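Right, one structure below, let's go through it.
Just so it is clear, the structure is predicted and the values come from calculations on it, not from any experiment.
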Amino acid sequence: MHSLPPLFALLAAGALSLQPEEADLPTITTARDLRNLPATEAARHYPVHLHAIVTLVEPERTIFLRDETGATFIRWSKNLPDLHAGERIDVEGETYPGLYLAGIVGKKVTVLSEGEPPTPRPINYEQLASGQYHYDWVEVRGIVRSVTPAGKYSVLKVALGNGSLDVYPVTDESTVDEHLVDATVRVTGIAAGYINDHRQLVAPHLRVRSLANITVLEPAPDDPYAIDATPAAELLRFAPNGRAGHRVKVRGAVTHQEPGAAVYLRDDVQGLRVLTLTNETFAPGEIVEALGFPGMGTLSAELDDATLRRTGEKANLVANTVAVKDLASGKLDADLVTVEADVRDVIRESDRLRLALQEGGTVFEAVAHPPPPENEIPAIGARVRLTGICRVIEATQPTRSFSTRARTFEMLLRHSPGDLTILRRPSWWTTRRLTIAAGTLLALTILAIAWAALLRRQVRRQTALIRTQVAAATIADERQRIAREFHDTLEQELVGVSLRLDAATARATDSKLRDLITGTQRLVHQLQTGARSFVWNLRESSLAGQPLADGIRTAVATSTAGRQVEILTLGEARRLPESIGHELLRVAQEASANAVKHGNAQRIVIMLDFANADAVRLVIEDDGAGFETAAPVPDGHFGLLGIRERTQKLGGTLQLRSNPGHGTTVEVTVPLAA
């Protein structure tokens with residue numbers, strides 16, 4: 001049976017004994033188990049009890065330890081004793097997640113004995129960058145690239161293998177002698193690094209107790225500038241007897257400077273980019289000596305971590321006048337050149353100006369930092385001459401080829417007069433102006449089309465209104481014509497009949513005959529009253545500008561005299577077209593009259609429903625005698641037939657609900673589109 005690794009055995013034991021409140025967590029007794037503990041588990045505060053040797057103490061920060069299984073650390077607190085490197089201690093405490101590895105919150109620390117720190121582990125840059133030996137006591141060998149003052153101590157940059165790392169002394173002491181630059185050294189210290197919020201190692205570095213942990217194996221030259229100058233073209237070329245990783249000296253004339261970042265030089269053959277943190281200003285053409293470490297830039301060799309020294313000499317700078325296609329090859333990387341091109345775009349930023357340029361099929365960018373005066377900035381479409389530093393910003397390696405070529409490049413414009421010259425200004429009709437003009441014309445066209453559509457809609461609306469008004473006027477004329485005809489014929493004839501009956505009554509001597517004539521007079525009088533009402537309704541609008549509810553109330557007043565009539569309105573009342581309002585009023589009038597005449601109704605409720613925006617609903621409900629809706633309509637009864645015809649004329653629907661002894665409900669729904 002295979003045994004579990006210590007960490008998994010530990011977690012398994014803890015899981016078996018875990019109680020609801022996480023009681024009885026297993027005790028961690030080795031640095032290896034602590035290093036293997038996930039952050040989520042470390043946050044549960046496992047108890048820790050182990051023996052280890054102190055490797056380095058950062059006052060009021062961290063105490064680093066190592067036992068036989070690996071390295072760990074204690075978070076500093078005031079209750080801890082004053083510890084020193086080499087002491088063997090007994091630590092009791094609990095776990096906490098830490099930034100990168102789980103650590104210890106010390107509750108009790110006992111010094112068991114004094115001694116020397118353990119033997120450091122020799123490792124390389126790749127092992128440091130992997131984090132495998134993080135917080136361990138290690139040893140590296142490399143070449144000092146730079147010494148940078150940082151308060152009361154100095155930070156060393158040491159190159160080893162495929163990378164470089166910073167070395168920090170943890171105690172305040174005098175700064176390091178800059179003669180250490182270019183020396184081969186052995187550094188013993190704690191493997192540490194910069195950690196991000198995702199618990200990832202961004203870059204490794206070393207922390208040492210003091211300068212005593214830095215041993216010089218091969219000193220730097222006493223006078224670094226005494227070495228022979230190397231031509232820029234010879235950097236990083238094959239040299240059987242070269243000293244890999246050490247500084248070289250390059251002599252050349254300053255062509256451009258980016259303070260605090262880089263200085264560009266040209267020797268007798270080509271240009272060179274020198275990376276330096278110096279803010280010392282050098283004039284164009286001034287000859288300097290640069291000491292630095294050769295490294296590969298994007299496409300060409302350059303000097304890193306360089307220092308510069310003036311020689312007191314000057315050179316007459318002349319830019320190489322070339323075609324843009326020559327820059328695309330990358331042969332003039334970091335050199336001073338002059339080219340001509342067309343401006344395709346102008347990008348103004350807060351601290352610099354960017355010009356997008358094109359010549360033939362090649363597109364590139366020119367950068368001026370800081371930007372030139374506004375009157376010297378070319379417009380889009382202008383033809384310009386540029387003088388500045390060509391810099392390759394992207395390279396490519398073709399498949400199945402050993403050569404590397406430039407993919408894209410840019411020009412760094414200097415601040416010298418004549419470096420940006422406008423040769424030809426653009427035509428007033430630039431692409432941007434043409435685009436604006438075309439956009440304006442398109443917008444006007446769209447507005448014209450929209451205006452025409454609105455006008456057509458308005459014309460249709462006005463036409464419909466005129467058609468409605470004409471129809472209303474025609475109906476009114478026809479009603480007045482019928483009223484005149486009715487008045488001049490039937491009503492006048494009824495007047496004549498009434499006069500003859502009055503004469504007959506005066507001559508009648510028989511009582512029965514007189515009663516018959518009197519009854520006939522009353523009938524004729526009722527006919528006259530009805531005829532006058534009919535003529536009046538024909539001549540005058542049934543609504544006469546008043547709300548429909550008020551018109552209905554007036555229209556049913558006579559036929560429902562002595563009855564309880566209630567008129568309700570649902571929703572927001574709207575003014576209806578004359579044709580719809582008139583027909584609905586007549587439906588309400590006819591239904592109310594039928595309720596009184598045939599059903600002897602005592603209570604009538606008339607409801608107008610405007611809640612639906614697309615239709616209007618009229619409901620007449622009474623408590624009369626009711627009837628069988630399926631029974632045929634008796635001869636001479638035209639009320640329901642008239643209501644049905646009026647509803648059909650309006651394109652509406654009629655619902656009739658009634659039962660003997662339970663009243664009647666007439667419901668008419670008319671679409672307003674009708």
Please determine whether side-chain hydrogen bond (donor to acceptor under 3.5 Å, both in side chains) holds for the pair Arg407 and Thr396, giving the CA-CA distance in whole Å, both sets of side-chain angles, and the decisive distance to 0.1 Å. CA-CA 6 Å; Arg407 181 190 295 271; Thr396 181; 3.2 Å; yes

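- The minimum heavy-atom distance between Ala290 and Leu265, with the atom names listed, is CB-CD1, 4.0 Å.
- Residues Asp136 and Ile190 fail the side-chain proximity criterion, which asks for heavy atoms closer than 4.5 Å.
- The main-chain N or O of Tyr264 is found under 3.5 Å from a side-chain atom of Thr255 such that the two form a donor-acceptor pair.
- For Leu277, the CG atom sits in a loose shell: 12 or fewer heavy atoms of surrounding residues, nucleotides or ligands are nearer than 6.0 Å.
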Check against side chain to side chain contact (heavy atoms under 4.5 Å, CB included), Leu299 and Phe409: CA-CA 10 Å; Leu299 183 67; Phe409 67 92; over 6 Å; no

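- The shortest non-hydrogen separation linking Arg266 to Leu336 is NH2-O, 3.0 Å.
- How far CD1 of Ile104 is from CZ of Arg75: 11.5 Å, rounded to the nearest 0.5 Å.
- Ring geometry for Phe64 against Phe73 counts as tilted: the plane angle lies between 30° and 60°, on a 0 to 90° scale.
- The backbone N or O of Thr55 lies less than 3.5 Å from a partner atom in the side chain of Arg209, making a donor-acceptor pair.
- Judged by distance alone, the side chain of His369 and the main-chain N or O of Leu413 form no donor-acceptor pair under 3.5 Å.
- A donor-acceptor contact shorter than 3.5 Å links the side chain of Asp333 to the backbone of Val392.
- A salt bridge does not link Asp326 with Lys331: none of the charged nitrogens is closer than 4.0 Å to a carboxylate oxygen.
- Nearest heavy-atom pair, Lys314 versus Glu286, reported as atom, atom and distance to 0.1 Å: CE-N, 4.2 Å.
- For Arg405, the CZ atom is loosely surrounded, since the number of other residues' heavy atoms within 6.0 Å does not exceed 12.
- Glu410 places a side-chain heavy atom less than 4.5 Å from the side chain of Glu365.
- Surrounding CG of Asp228 are at most 12 heavy atoms belonging to other residues, nucleotides or ligands under 6.0 Å away.
- The backbone N or O of Asp33 lies less than 3.5 Å from no partner atom in the side chain of Asn36, so there is not a single donor-acceptor pair.
- Rounding to the nearest 0.5 Å gives a distance of 11.5 Å between CG of Leu412 and CG of Asp419.
- A donor-acceptor pair is defined here as one N or O able to donate and one able to accept, closer than 3.5 Å; such a pair exists between the side chain of Asp267 and the backbone of Ala232.
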For a side-chain hydrogen bond (donor to acceptor under 3.5 Å, both in side chains) check, start with the C-alpha distance between His49 and Asp90, then their side-chain angles and the critical distance, and finish with the verdict. CA-CA 7 Å; His49 188 186; Asp90 180 272; 2.9 Å; yes

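- With Thr408 contributing its side chain and Ile393 its backbone, the two residues share no donor-acceptor pair below 3.5 Å.
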Mind running side chain to side chain contact (heavy atoms under 4.5 Å, CB included) on Val322 and Val339 for me, showing each step along the way? CA-CA 6 Å; Val322 297; Val339 296; 3.7 Å; yes

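- Applying the 6.0 Å contact sphere to CG of Asn196 captures more than 12 heavy atoms from other residues, nucleotides or ligands.
- Ionic pairing of Arg309 and Glu289 is present here: one or more N-O contacts between side-chain nitrogen and carboxylate oxygen are shorter than 4.0 angstrom.
- In this structure, the separation between CG on Asp268 and CZ on Arg251 is 9.0 Å, given to the nearest 0.5 Å.
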Check the pair Val337 / Met411 against side chain to side chain contact (heavy atoms under 4.5 Å, CB included), numbers first and verdict last. CA-CA 9 Å; Val337 298; Met411 284 191 64; 3.9 Å; yes

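- With Gln257 contributing its side chain and Glu280 its backbone, the two residues share a donor-acceptor pair below 3.5 Å.
- Residues Leu291 and Pro224 come closest through the heavy atom pair CD1-CB, 3.5 Å.
- Using a 4.5 Å heavy-atom cutoff, the side chains of Pro370 and His415 are in contact.
- Put simply, the side chain of Leu317 reaches to within 4.5 Å of the side chain of Pro284, judged on heavy atoms.
- Around NZ of Lys249, the count of heavy atoms belonging to other residues, nucleotides or ligands within 6.0 Å exceeds 12.
- Using a 4.5 Å heavy-atom cutoff, the side chains of Glu139 and Thr215 are not in contact.
- A heavy-atom distance below 4.5 Å is not found between the side chains of Arg344 and Val363.
- Scanning for side chain to side chain donor-acceptor pair (under 3.5 Å) contacts around Asn320 gives Asp335, with sequence neighbours left out.
- Looking only at side-chain heavy atoms (C-beta outward), Arg273 and Leu275 come within less than 4.5 Å of each other.
- Distance alone, capped at 3.5 Å, places no donor-acceptor pair between the Thr362 side chain and the Lys325 backbone.
- Residue Asn162 places its CG atom among 12 or fewer non-hydrogen atoms of other residues, nucleotides or ligands, all under 6.0 Å distant.
- Counting only distance, with no hydrogens or angles, the side chain of Arg35 and the backbone of Thr69 share no donor-acceptor pair below 3.5 Å.
- Distance check: Leu206 CG to Ile123 CD1 gives 7.0 Å after rounding to the nearest 0.5 Å.
- Interatomic distance, CD of Glu302 versus CG of Asp304, reported as 5.0 Å (0.5 Å rounding).
- Atom CD of Glu349 is surrounded by more than 12 heavy atoms from other residues, nucleotides or ligands within 6.0 Å.
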Show, in sequence, the C-alpha distance, side-chain angles and deciding distance for Val57 and His84, and conclude whether the side chain to side chain contact (heavy atoms under 4.5 Å, CB included) test is met. CA-CA 7 Å; Val57 177; His84 302 88; 5.8 Å; no

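- Considering every non-hydrogen atom in both Trp137 and Arg66, the closest pair reads O-NH2, 2.8 Å.
- Across every non-hydrogen atom of Val158 and Leu160, the tightest pair is O-CD2, 3.6 Å.
- Proximity of Arg247 to Asp305: side-chain heavy atoms (C-beta onward) are nowhere separated by under 4.5 Å.
- The side chain to side chain donor-acceptor pair (under 3.5 Å) test applied to Glu116 returns no partner, not counting sequence neighbours.
- With rounding to the nearest 0.5 Å, the separation of OG in Ser113 from CD1 in Ile53 is 8.0 Å.
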